[in-house]
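The structure appears below as structure tokens.
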Amino acid sequence: MTEQEVINQMIAEGYLDAAAWDDGSRDDYEEHTHPFDTKLVMVSGEMELSVNGVKRVLRSGDTVEVLRGTPHAAKIDATGCRYIIGERH
């Protein structure tokens with residue numbers, strides 16, 4: 001699928017703010033929550049995602065959904081990464 005096809009699919013699933021996003025080398029997001037559901041589809045690079053304290057490495061093609069109110073954190077690898085992310089309110 002192209003990035004635009006992924007975005008279109010996410011919008012059809014109710015993730016109305018879906019868009020491509022780039023994170024730089026070694027960006028970190030400390031543990032936090034959102035008042036909405038989030039879906040992420042990795043395009044390139046790697047991200048270590050921790051959801052409720054359980055760590056998982058995401059790579060190209062991986063998809064993850066984080067439900068509203070769920071504690072999560074992320075660490076980006078040395079090369080950075082690109083992903084499609086959307087919010088469902």
Side-chain angles (χ1 to χ4, degrees):
M1 279 187 165
T2 67
E3 287 185 15
Q4 189 58 53
E5 289 170 331
V6 172
I7 289 170
N8 292 344
Q9 179 180 356
M10 289 174 72
I11 290 171
E13 295 172 357
Y15 293 92
L16 302 181
D17 297 326
W21 189 264
D22 293 296
D23 278 323
S25 169
R26 305 213 185 275
D27 281 351
D28 287 335
Y29 296 94
E30 293 187 20
E31 187 172 79
H32 61 283
T33 62
H34 299 288
F36 47 80
D37 297 337
T38 302
K39 183 173 183 177
L40 181 147
V41 179
M42 291 294 292
V43 174
S44 63
E46 291 186 2
M47 171 191 296
E48 181 184 271
L49 181 68
S50 175
V51 178
N52 281 325
V54 178
K55 293 180 181 178
R56 173 181 172 197
V57 176
L58 303 176
R59 296 179 179 89
S60 180
D62 289 343
T63 300
V64 66
E65 292 182 75
V66 179
L67 300 179
R68 70 189 75 218
T70 303
H72 60 285
K75 292 184 180 186
I76 312 305
D77 76 356
T79 61
C81 69
R82 181 172 178 86
Y83 49 93
I84 310 298
I85 189 164
E87 301 171 358
R88 184 170 55 199
H89 297 266

Atom of Ala18, atom of Ile11 and distance for their closest heavy-atom approach: CB-CG1, 4.2 Å
Exercise: identify the closest heavy-atom pair between Gly14 and Arg88: O-CG, 3.4 Å
Lys/Arg-Asp/Glu bridge criterion (N-O < 4.0 Å) met for Asp28, Lys75: no
Determine, using the 4.5 Å side-chain heavy-atom cutoff (strictly less than), whether [X] and [Y] are members of one ILVMFWY cluster.
{"X": "Val57", "Y": "Met42", "answer": "no"}
{"X": "Leu16", "Y": "Met10", "answer": "yes"}
{"X": "Val66", "Y": "Leu58", "answer": "yes"}

To the nearest 0.5 Å, what is the distance between [atom1] ([X]) and [atom2] ([Y])?
{"X": "Glu65", "Y": "Tyr15", "atom1": "CD", "atom2": "OH", "result": "3.5 Å"}
{"X": "Ile76", "Y": "Leu49", "atom1": "CD1", "atom2": "CG", "result": "9.0 Å"}
{"X": "Glu5", "Y": "Ile84", "atom1": "CD", "atom2": "CD1", "result": "11.0 Å"}

Could you check whether any side-chain N or O of [X] sits under 3.5 Å from a backbone N or O of [Y], counting only pairs where one atom can act as donor and the other as acceptor?
{"X": "His72", "Y": "Thr70", "value": "yes"}
{"X": "Ser60", "Y": "Val43", "value": "yes"}
{"X": "Ser25", "Y": "Ala78", "value": "yes"}
{"X": "Asp37", "Y": "Arg68", "value": "yes"}

Are [X] and [Y] side-chain neighbours, meaning at least one heavy-atom pair lies under 4.5 Å?
{"X": "Met1", "Y": "Val41", "result": "no"}
{"X": "Asp17", "Y": "His89", "result": "yes"}
{"X": "Leu40", "Y": "Trp21", "result": "no"}

Distance-only side-chain donor-acceptor flag, Gln9 / Glu13, under 3.5 Å: yes
Residues that, via side-chain heavy atoms closer than 4.5 angstrom, fall in one hydrophobic cluster with Val54: none
Neighbour count above 12 (heavy atom, 6.0 Å) for Glu30 CD: no
Aromatic plane relationship, Tyr29 with His32 - under 30° parallel, 30 to 60° tilted, over 60° perpendicular: tilted
